[in-house]
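Heads up, the thing below is written out as structure tokens.
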Protein chains: 2
Amino acid sequence: MSDLSAQVWAVDALGALAHETRLSVFRMLVQAGPDGMIAGAIADRTGVPPSTMSHHLATLERTGLVQSERESRLIHYRADYPGMRRLLMFLMQDCCQGAPEMCGDLVSELTCNPASKKDTA
Amino acid sequence: MSDLSAQVWAVDALGALAHETRLSVFRMLVQAGPDGMIAGAIADRTGVPPSTMSHHLATLERTGLVQSERESRLIHYRADYPGMRRLLMFLMQDCCQGAPEMCGDLVSELTCNPASKKDTA
DNA sequence: CACATAATTCGATAACTATCGAAATGAAGC
DNA sequence: GCTTCATTTCGATAGTTATCGAATTATGTG
């Protein structure tokens, strides 16, 4: 049962990331770390009008890829790490069936180049 | 340079998978293994008319997630493993920056539960 | 070459998604 | 309780993507 509805969710989550603006925002929020960013700052930094950005953020939140929290007048958005992890798990496990040609050694490649290319070969 | 254009490609590839029919087809092709499946069989098995399926397959192929090869009158489609691997790499490395909360231990979870849930918790 | 079969491309229509200004909501501060 | 500021919701329009039958191309067979 989990598999069919997992796919329905995955289609939605993939669709949420399948947009230039939304993918940039998600990456920006990953970079921003646990504090995330304020809605207005996200709109400013991307040059997208607030009402448009609000829709994009709602799309990302609806699929569980970002979370929001109001702090007085400001709304903080942050990347939802478990949500993204769930998507990666779906792709590797349910979709690719863990096939090593696709999934193998991915993490060790990351571990050797942890999120920056400063480290020389 | 690679990062900006990698994102443009990723948006396309994510969009290719962000469709119920196309995601099912991709999973079906992973299951089918290296021989892949014939176009008509894919259409039959999903109940989607051939012309519609042809568009979906073209979308998947355009983004490098499947490959096709003609064998006389039949066209074989197969999952493009390096293409999917590239997408997983993008998501883990460029998008998530290898953050362990999202990317950590994914492969070991796969290794312990290789593509089946028979194994109890 | 006529024929049959596999698949694609064309073309029109329907369905969905994106965009953004204007109006509404929510939260403070005076 | 009026004002201001941050953000969302509404609503209309534009743009993109999906769908599928009909026409076309590619390939093999008698």
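In what follows, chains are A, B, ... by sequence order, proteins preceding strands, each numbered from 1.
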Just so I know, are the side chains of [X] and [Y] near enough to count as touching, which here means a heavy-atom distance under 4.5 Å?
| X | Y | value |
| --- | --- | --- |
| A:Arg22 | A:Leu57 | no |
| B:Met92 | B:Leu106 | yes |
| B:Glu20 | A:Gln7 | yes |
| A:Leu74 | A:Met37 | no |
| A:Val66 | A:Leu29 | yes |

With 3.5 Å as the limit, what N/O pairs link the protein to nucleotides 4-7 of chain C?
| from | atom 1 | to | atom 2 | distance (Å) |
| --- | --- | --- | --- | --- |
| C:dT5 | O4' | B:Arg73 | NH1 | 3.3 |
| C:dA7 | OP1 | B:Ala39 | N | 3.4 |
| C:dA7 | OP1 | B:Ile75 | N | 3.3 |
| C:dA7 | OP2 | B:Gly40 | N | 2.8 |

Sugar-phosphate only, base, or nothing, as touched by B:His55 at under 4.0 Å among non-hydrogen atoms: base

Parallel, tilted or perpendicular: ring planes of A:Trp9 versus A:Phe90, cut at 30 and 60 degrees: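 Answer is perpendicular, since the angle exceeds 60°.
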
Write down the distance between [atom1] ([X]) and [atom2] ([N]), rounded to a whole number of angstrom.
| X | N | atom1 | atom2 | result |
| --- | --- | --- | --- | --- |
| B:Arg62 | C:dT9 | CZ | C1' | 15 Å |
| A:Leu60 | C:dA18 | CG | C1' | 14 Å |
| A:Arg45 | D:dA6 | CZ | C1' | 19 Å |
| A:Met53 | C:dA18 | CE | C1' | 12 Å |
| A:Met37 | D:dA6 | CE | C1' | 15 Å |
| A:Glu20 | D:dG15 | CD | P | 19 Å |
| A:Leu57 | C:dC20 | CG | P | 14 Å |
| A:His19 | C:dC16 | NE2 | C1' | 13 Å |

Residue-phosphate contact under 4.0 Å: B:Ser72 side-chain N/O, D:dT27 OP1/OP2: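 No, no such contact exists.
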
OP1 or OP2 of C:dT8 under 4.0 Å from side-chain N/O of B:His56: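 No, no such contact exists.
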
Whichever of B:Ala58 and A:Ser51 has its nearest DNA chain C nucleotide further upstream toward 5': B:Ala58

Side-chain H-bond candidate by donor/acceptor type, B:His76 with B:Glu71, under 3.5 Å: yes

